[in-house]
Number of protein chains: 2
Amino acid sequence: MNVINASPRRKELTRLAAQLFVQEGFDRTTVRMLAQEMGIKSGSLFHHFKDKQEILAAVIEEGTQNALAIARKALAECADEPEMRLRAMARAHLETLFTDRNAHVVALFEWRRLDPAASAHLSHLRDAYEALWVAVIDDALEAGLIHGDRFLVSRFVLGALNWTVRWYDPNGPRSPDDLADELVAMIMPTSA
Amino acid sequence: MNVINASPRRKELTRLAAQLFVQEGFDRTTVRMLAQEMGIKSGSLFHHFKDKQEILAAVIEEGTQNALAIARKALAECADEPEMRLRAMARAHLETLFTDRNAHVVALFEWRRLDPAASAHLSHLRDAYEALWVAVIDDALEAGLIHGDRFLVSRFVLGALNWTVRWYDPNGPRSPDDLADELVAMIMPTSA
DNA sequence: AGAGTAACCAAGCAAGCGCTAGTGTAAATG
DNA sequence: CATTTACACTAGCGCTTGCTTGGTTACTCT
């Protein structure tokens, strides 16, 4: 296996793996399929990754890191008002969801296949991301912008956003930003 | 395979299969694991089901039929006001989601493993269920109870509800009905 | 009693699985 | 020039997979 864990080759392989995992599911994707897609033989795969599990972990980590980076950037750039921050988070979420779609679909629907060690590490990353959300939701609640239980609201909102990967068509008339704004409007009484 | 497709034995086997599919995922659940859980040998399994795919289809069909039945009953029994109908649908959704949890988790997260034929059949069932939702959402929109795009609102709401299987703890302080009411309140400006 | 049938079992096949061992080679490094 | 490193290859081991086959029980219905 490569010593430098973030070699460009490995990144490209991770991207291809994400695509196959989405198409076939992790379990049905064989190392031979992965290798073929990458233009190498199956044995060579294990030079880049310790085992198949590690490929899955790499895919999910990549997606979550991107989500974190995009969300932080969005928060740093937007106006310091609860409504704008809420909107920024929703937009950032959909942005990463559809630019890194493969990685996120894998993260959302295949994380049960992770072994305990990888799962623990990635859970922390995920928690860091959700913490950003809860903070923004808290501000919006305090400002009276939305109402309800902070815990429930964030879960409901994240659920609604994550579920978009199941039905949203990026080639349709609506942009992801559109979608985000509609969701925020839906839960904001004052913006009717 | 059994001629009578709905034999009680088959129903029980389907229930056990759902449980295993949730625990391990469809692909990682072997016919030998299924057979052992059922107290028979792996070969005997194929007396009840044509192949492994058919077991998956049976699990999903069972769940969706239950969802349809419960939703229809809830609508028939509740007052004929948009708000009550909306609440009834949300409650019904969470009710079936957690009483038939295994079947629904499989339906939500493993339907990609269905072959095209089974997938087409079950899609129709699913569409019938979603049609109930869209009708109720339409009424609520017309009554000015909620606002937004009919299509988006139903997708967002269903997403938020379906996502509960990922975090809701039935042994916690909140009841499923509680959850449903909170969600409806979240999207209804007037009930602040 | 005899026929029919649902439910099961033991045994195993052919295919496919993740992964390993050992080797070759071209480029970078001392 | 000698050595290391990165990356790829061939070949295949040991095991598991979904499913089949051929036969056996146990029960019901005439």
Side-chain angles (χ1 to χ4, degrees), chain A residues 1-21 23-60 106 110-119, chain B residues 1-21 23-60 106 110-119:
Chain A
M1 188 182 54
N2 201 336
V3 183
I4 306 159
N5 228 24
S7 84
R9 184 88 174 113
R10 187 177 150 119
K11 262 211 164 168
E12 172 64 7
L13 298 184
T14 303
R15 224 194 35 118
L16 286 169
Q19 191 191 335
L20 264 181
F21 288 165
Q23 266 173 43
E24 307 287 329
F26 175 70
D27 293 318
R28 292 169 70 114
T29 304
T30 69
V31 293
R32 280 168 248 260
M33 291 165 65
L34 286 165
Q36 187 172 31
E37 195 74 9
M38 297 164 178
I40 57 179
K41 300 294 176 180
S42 74
S44 312
L45 227 168
F46 296 91
H47 172 74
H48 300 278
F49 300 94
K50 167 170 143 275
D51 52 23
K52 198 186 163 191
Q53 275 279 331
E54 197 179 84
I55 308 179
L56 177 60
V59 168
I60 296 181
V106 171
E110 307 277 2
W111 65 250
R112 295 155 136 286
R113 275 63 184 167
L114 287 169
D115 58 39
S119 181
Chain B
M1 186 184 52
N2 201 337
V3 183
I4 306 160
N5 229 24
S7 83
R9 184 81 175 119
R10 187 177 148 119
K11 259 211 164 168
E12 171 65 7
L13 297 185
T14 302
R15 225 195 34 124
L16 287 169
Q19 192 192 333
L20 264 181
F21 288 164
Q23 267 173 43
E24 308 286 329
F26 175 70
D27 292 318
R28 292 171 72 112
T29 304
T30 68
V31 294
R32 279 165 247 261
M33 291 166 66
L34 286 164
Q36 185 171 33
E37 195 74 8
M38 296 163 179
I40 57 180
K41 298 296 175 179
S42 73
S44 313
L45 229 169
F46 296 92
H47 172 73
H48 301 278
F49 301 93
K50 165 170 145 275
D51 52 22
K52 199 186 164 193
Q53 275 277 332
E54 198 179 83
I55 308 180
L56 177 61
V59 167
I60 296 181
V106 172
E110 306 277 2
W111 67 256
R112 293 151 140 285
R113 275 64 183 166
L114 286 170
D115 59 39
S119 181

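Per chain, numbering begins at 1; letters A, B, ... match sequence-line order. These numbers come from a predicted model, not from an experiment. All values below were derived from every heavy atom in this structure, side-chain atoms included, with hydrogens, water molecules and symmetry-related copies excluded.
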Please figure out whether A:Met33 or B:Ile40 has its closest DNA chain C nucleotide nearer the 5' end. B:Ile40
Among the candidates [options], find the nucleotide nearest to the side-chain atoms of [X].
| X | options | result |
| --- | --- | --- |
| A:Lys41 | D:dC9, C:dA7, C:dG18 | D:dC9 |
| B:Asp51 | C:dG18, D:dA8, D:dC19 | D:dC19 |
| B:Lys52 | C:dC8, D:dC9, D:dC19 | D:dC19 |
| A:Thr30 | C:dG18, D:dA8, C:dC9 | C:dG18 |
| B:Val31 | D:dC19, C:dG18, D:dA6 | D:dC19 |

A:Gly39 vs A:Arg32, nearer the 5' end of DNA chain D by closest nucleotide: A:Gly39
Output side-chain donor-acceptor pairs under 3.5 Å for residues 30-42 of chain A, partner residues at least two apart or in another chain, one line each.
unit_1	atom_1	unit_2	atom_2	d
A:Thr30	OG1	A:Arg32	N	3.4
A:Thr30	OG1	A:Met33	N	3.0

List the atom of A:Asp51, the atom of A:Phe46, and the distance in Å for their closest heavy-atom pair. CA-CE2, 3.9 Å
Any Lys/Arg nitrogen of A:Glu12 or A:Arg15 sitting under 4.0 Å from an Asp/Glu carboxylate oxygen of the other? yes
Atom-pair distance ([atom1] on [X]; [atom2] on [N]), nearest Å:
| X | N | atom1 | atom2 | value |
| --- | --- | --- | --- | --- |
| A:Phe46 | D:dT10 | CZ | P | 16 Å |
| B:Glu24 | D:dG18 | CD | P | 12 Å |
| A:Asp27 | C:dG18 | CG | P | 9 Å |
| A:Phe26 | C:dG18 | CZ | C1' | 10 Å |
| A:Gln36 | D:dT10 | CD | P | 13 Å |
| A:Arg10 | D:dA6 | CZ | P | 14 Å |
| A:Ile55 | C:dC19 | CD1 | C1' | 12 Å |
| A:Phe49 | C:dG18 | CZ | C1' | 15 Å |

Base, sugar-phosphate, or nothing for A:Ser44, non-hydrogen atoms under 4.0 angstrom? base
Polar side-chain atom of A:Ser119 near backbone of A:Asp115 as donor-acceptor pair, under 3.5 Å: no
side-chain contact (heavy atoms from CB on, under 4.5 Å) between A:Thr29 and A:Ile55, intermediate numbers included: CA-CA 11 Å; A:Thr29 304; A:Ile55 308 179; over 6 Å; no
For the atom pair CZ (A:Arg112) and CZ (A:Phe26), what is the distance rounded to the nearest 0.5 Å? 14.5 Å
Rounded distance (nearest 0.5 Å) linking atom CG of B:Leu56 with atom CZ of B:Arg113: 9.5 Å
Under 4.0 Å between a side-chain N or O of B:His47 and OP1 or OP2 of C:dA7? yes
Once you build an axis from the first five pairs and another from the last five of the helix from C:dA1-D:dT30 to C:dG30-D:dC1, how far apart in angle are they, to 10 degrees? 20°
